[in-house]
Every structure is written in C-alpha cells, then in structure tokens.
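Structure first, commentary second.
Numbering of ligands and ligand atoms starts at 1, following listing order.
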Amino acid sequence: MLPGLQIDHDSSVPVYRQIADGFRGAALDGRLRPGHRLPPTRDLARQLGVNRQTVVAAYEHLAAEGWVHSQTGKGTFLVDPRTVESRSPEPGSERDTADGWLTAFSQAVDGPNVGGLLSVYQTATAIEGISFGASYPARELMPVEAFGRAMAATLRDAGREVLSYGPTAGHAPLRELLAATMRESGSRIDPENVLVTNGAQQAIELVFNTFLERGDAVIIEEPTYTGALSVLGSIGARAVAVPVDEQGMRPDLLAMALERHRPRLMYVQPTFHNPTTAVMGEDRRRQLLALATRNRCIVVEDDWASGLRLEGDELPTLHALDGGSHVVYLSTFSKRLLPGLRVGWVAAPTSVTERLIRLKQIRDCGTTPLLQAALQSFLREGGLDAHLQRVLPVNRERRDCMLQALTRHLPADAAWTRPEGGLFVWVTLPRNFDGQDLLLAARRRGVHYSNGTLFHSNTDGNHTLRLTYSTATPSQIESGVETLGALIHERWPSRPDSGDPKPVETMPIF
Ligand SMILES: Cc1ncc(COP(=O)(O)O)c(C=O)c1O
C-alpha cells in the first residue's frame, strides 16, 4: 500500500487517475524507488475499498505512460522516473484525454515488454552523435550499387512475375538456395522446409505464435534478445530465464528449469549470443539437444549473426547436429548484408512449415517477391561473398579498436568480452553501478549505447552495457569510449560489488 494514498470519491478526478497519480508522485519524490513492486491489484483494491478493475485501469494507465512495467507472474514494477518524465502528457493534452482507450487494448499490444523492441529500434535508428546502440552493419559499406544492378536485372527479366503476388512460402529459387546453403553447413533440409520471412523478427513472431498459448512456459537465455521478449509479452507466455555464462545457456540450470516448468519451447542463440557475444561449444550444444529431446521441448535456434565470424572455427548449428527433427532454425540477411531488405527465413520440419505458412498468409500474404528475387540473383552472382570479404576485415579492425579503447579508458576492474564475431562487445561493471544514470549522462555527451536492462525479462542488468563496434569509425570508437570511460570513472562505486553472476542458489530462474 502506498503511504498517504487517499481516495477522494467526491473529486472530479476519476479514482483510477487518483491511484495512478499517487504512485507517479511517490516515484517522482523518491518515496518509492525504481524497481519497487506495486501491490497486487486485488490487495490494493481491498485496502482502498474500490473495484479491482479500477486498480487494473490505474496500473494500465501507468504502463501506458511508461511509469511501470509488468512481468507475467511476477508483478508490476516502477521504472526509473528519469527515463519517463519527458514522456508524461500535460493534463488536458490530447494524449491525456485519450485515456478512455486505456482499458481497451489487448495483450498483443500492451503486454509486458511489448514496447521494448520499439524503444530499442528507435534508439538504434536515431543516428546522431556517436552510436554504439544499433546492432547494424556499417552503412558506408553497404553494397548499394551491386544490389541496384540485381534489382534492375530482376525487373528487366521477370518484372511481371515479381510485381505480382508471390508464393506465400517465398520465391522458389531463393528457398532452394537457402536450403542448399544450409546443407553445405551439415543440415538435412529441403527447399519445401524453408519459409522466407520479413527478417528474423518475423520468423520469431511466427514460430512463437505457432506453438504458444497465453500462460505457456518458454525457456529463454538471461539476458536475451529484446525482440524475443516483446513477442513473448505480446502472446502472454511465461519467460523462464536461464542464466548464461561464457558458453551461453547453463545446462545444469536448464535441466532444472525443464524439469520444473515443462516448457513448450526454448529460444536460444548458440553463436554470438545477443547481447553477451557468447558462443556455445559443441559439447554443450549436444548436451542442450539431449536435454531438450528428453523433455520433449522444441528448440528454436536463432542464428542471426551467421557469416559474421572474425576468428576461430565455425561450429555446427543445433539444426545440423539434431538432423532437423526437434530444432526450428531461423536466420536473416539483416546483419550479414542489408537490414532494410527485411529478408530472413525459418527452416523447420514439414508439419511445422505448413502451419507457419498459414500464419504468414494471415500476417502479410508473403514477403515482397521483387526483393526476394533480386536477393537471389545477388547471391547467385557471389555478391554476398564479395561483400563479406570487404566487411569482415573492417569489423575486425573496429572490434580490436574498441577492445584497445576499453583497456585504455575503463577502470581495471571492469570486465568485457572479446567477441569472436557478431557486431558488439558486452561490458560488465560492478553490480551496484547505476547504469541508467550512466546511459543518460552519456546521451547528454552525444554517446549512445544499449543499457543491459533492455535484454532482461526482469529489472536486472543495470550494470551491463552492449557496445556495437560495427557502425562507428575507429576515431569515433576511441572518442566515444574515452567519454564513457570518464563517466564510468566518475561514477565508480567506492565499494564496488562484484559484477560476477550471482551464485547458483540465488539465480532468478524460478
Ligand atoms: C538475436 C536477434 N534475432 C533477431 C533479430 C531480428 O533481425 P531482423 O532485422 O532480421 O528482423 C535481431 C536483430 O537485432 C537479433 O539481434
């Protein structure tokens, strides 16, 4: 219960607004701290003597304004007021008076974490100052002219075909090429088992909706990709978070989580995990598959950064190791080539592909045929290989430059990964470091990056940072990391807690 919260039933301010205003005021004047859990709606309704729906409306109002976030099964938590003040509407403003809508929305648009992906995307695409925020390939290296030639040739040779409705599952020659490429990496797969999607994000959305109902348990890595959390929130599925170490998801904790939660599926990124950059070794891959098979848990493998290895040997995908029986594989051309194409794909057993295609038809009637055909022509002519030959050395130089800058400018006790590939570095500061404060201070100095909380299903990760190296020049990397280093030094806790993961007994998975 919030001290001092009094309901005035004679007021012209609706009761739900009085409750929301009470919590907002307490967050602003510091009586309630960020991360504070709001009382369960039933309890607060009883204490205030109001209808439970009124409290639900108050919490929804706070959520719509960005003051709280909800986690299925865990509760509703206050966020840091510094991140929302500027978003609050003026009383009487258009947004304020639109409140009549607030109880009308579905889980699909207002569930926990649903807005997370959009806010990451908005930060990532706002290019001003020095940006380490986007998980993007470098714009200046995009093969614009070569892709333009492929587009022109496609329109010339097959204009009428590619400007008509295309097959829902995708352009047949592209599906053939994708299946052939996967076969070269050891997968057993036919073109009929490939569905072309609008990027990996749509692949995740289609796959999750194919298997999950509201309330279903799903195993995720903690931390994990924000876009997967947003889809789970929109379905109302229950995220069971299994912590990762330097090799990705921990099998001992996975075994416990499988036993206890009987999840429908698990979502994993075995290679260049976003955000921690971890790569799962082959033994652990086999262990994970054995556990999943034993517990009849579908494995969704997100291989988003395939092709972006900078050093070390390629490892077999889970799909290749498993023979394609229990693994639904997805990947994308967004990171290795061009994010604006919005082309990704799913590879799955026949019965799954058939259902994915039904859903794809409902969602958008198929990915743009013109782009798929141009992409296939670009790939057939060796455009991707030529592009990667140009990009990978640049990525390697930028990664090394960032690692050197971190060594130069961060306190000796800070920790960061040395990624073997992908697009970013993951930095861990002491647990009691205020990452949100650092984020805002860095933004004021023109340096942008992603705070670790974005990748958590709970409020954890405020002491972690994801820094993308691929989109910044070496001089931007040096000066951006120097700025970050100075801000981190100024804020370094006098008695730093370790940034190491918490001991197993207290891991937040149950
Ligand atoms: C792990 C992961 N999966 C999927 C995606 C979505 O990629 P796409 O742009 O192809 O939709 C991203 C994008 O950042 C990602 O990091």
Side-chain angles (χ1 to χ4, degrees), residues 113 116-125 131-139 142 170 174 178 194-209 218 220-232 234 239 244 248-249 265-280 299-309 317-319 328-347 356 360 363-364 367-368 371-372 375 384 395 419 421-426 449-450 452 454-457 466-471:
N113 292 318
L117 182 60
L118 183 61
S119 52
V120 175
Y121 188 74
Q122 284 167 342
T123 314
T125 49
S131 181
F132 302 140
S135 97
Y136 254 48
R139 283 190 171 204
M142 287 179 176
L174 180 61
L178 291 170
V194 173
L195 165 69
V196 179
T197 58
N198 288 327
Q201 183 59 36
Q202 187 184 50
I204 295 171
E205 208 260 337
L206 292 176
V207 171
F208 284 8
N209 275 285
V218 175
I220 55 161
E221 292 154 313
E222 185 85 308
T224 192
Y225 167 55
T226 319
L229 293 175
S230 289
V231 178
L232 292 180
S234 119
V244 300
M249 190 185 275
L265 63 82
M266 67 171 88
Y267 166 77
V268 280
Q269 305 167 52
T271 308
F272 313 137
H273 174 257
N274 179 6
T276 68
T277 78
V279 177
M280 195 179 279
V299 177
V300 179
E301 175 178 27
D302 184 346
D303 196 21
W304 64 284
S306 164
L308 294 178
R309 183 170 276 284
T317 62
L318 296 175
H319 188 271
V328 175
Y329 174 95
L330 61 97
S331 190
T332 176
F333 287 97
S334 297
K335 315 297 174 171
R336 74 191 84 173
L337 187 59
L338 294 165
L341 293 182
R342 311 302 308 126
V343 177
W345 77 98
V346 186
L356 286 167
K360 172 77 178 163
R363 292 286 196 266
D364 59 17
T367 291
T368 317
L371 287 177
Q372 292 186 67
L375 174 61
L384 179 61
N395 280 0
L423 302 170
F424 39 75
V425 174
W426 180 244
Y449 64 90
S450 301
L454 289 171
F455 308 99
H456 282 77
S457 62
R466 195 192 70 177
L467 303 180
T468 299
Y469 51 76
S470 59
T471 47

Open item on the list: Just to verify, what does Asp303 make a side chain to side chain donor-acceptor pair (under 3.5 Å) with, not counting sequence neighbours?
Closed with: Tyr329

Task: Results of salt bridge (Lys or Arg N to Asp or Glu O under 4.0 Å) for Arg342 - residues two or more places apart only - done: none

TODO: Report the residues that fulfil salt bridge (Lys or Arg N to Asp or Glu O under 4.0 Å) with Lys360, sequence neighbours left out, ordered by chain and then residue number.
DONE: Asp364

Show the distances, to 0.1 Å, for all pairs joining an N/O atom of ligand 1 and a protein N/O atom that are shorter than 3.5 Å, listing one pair per line.
| from | atom 1 | to | atom 2 | distance (Å) |
| --- | --- | --- | --- | --- |
| ligand 1 | 3 (N) | Asp302 | OD2 | 2.6 |
| ligand 1 | 9 (O) | Ser334 | OG | 3.0 |
| ligand 1 | 9 (O) | Arg342 | NH1 | 2.9 |
| ligand 1 | 10 (O) | Ala200 | N | 2.8 |
| ligand 1 | 10 (O) | Thr332 | OG1 | 2.6 |
| ligand 1 | 10 (O) | Ser334 | OG | 2.7 |
| ligand 1 | 11 (O) | Ala200 | N | 3.2 |
| ligand 1 | 11 (O) | Gln201 | N | 2.9 |
| ligand 1 | 11 (O) | Arg342 | NH2 | 2.8 |
| ligand 1 | 14 (O) | Ser135 | OG | 3.2 |
| ligand 1 | 14 (O) | Lys335 | NZ | 2.7 |
| ligand 1 | 16 (O) | Asn274 | ND2 | 2.8 |

Open item on the list: Check whether Phe333 forms a cation-pi arrangement with Arg336 (NZ or CZ under 6.0 Å from the six-membered ring centre, at most 45° off the ring normal).
Closed with: yes

Open item on the list: Can a side-chain donor-acceptor contact be found between Asn395 and Tyr469 if the only test is distance below 3.5 angstrom?
Closed with: no

- [ ] Using only heavy-atom distances, determine whether the side chains of Arg363 and Asn198 contain a donor-acceptor pair under 3.5 Å.
- [x] no

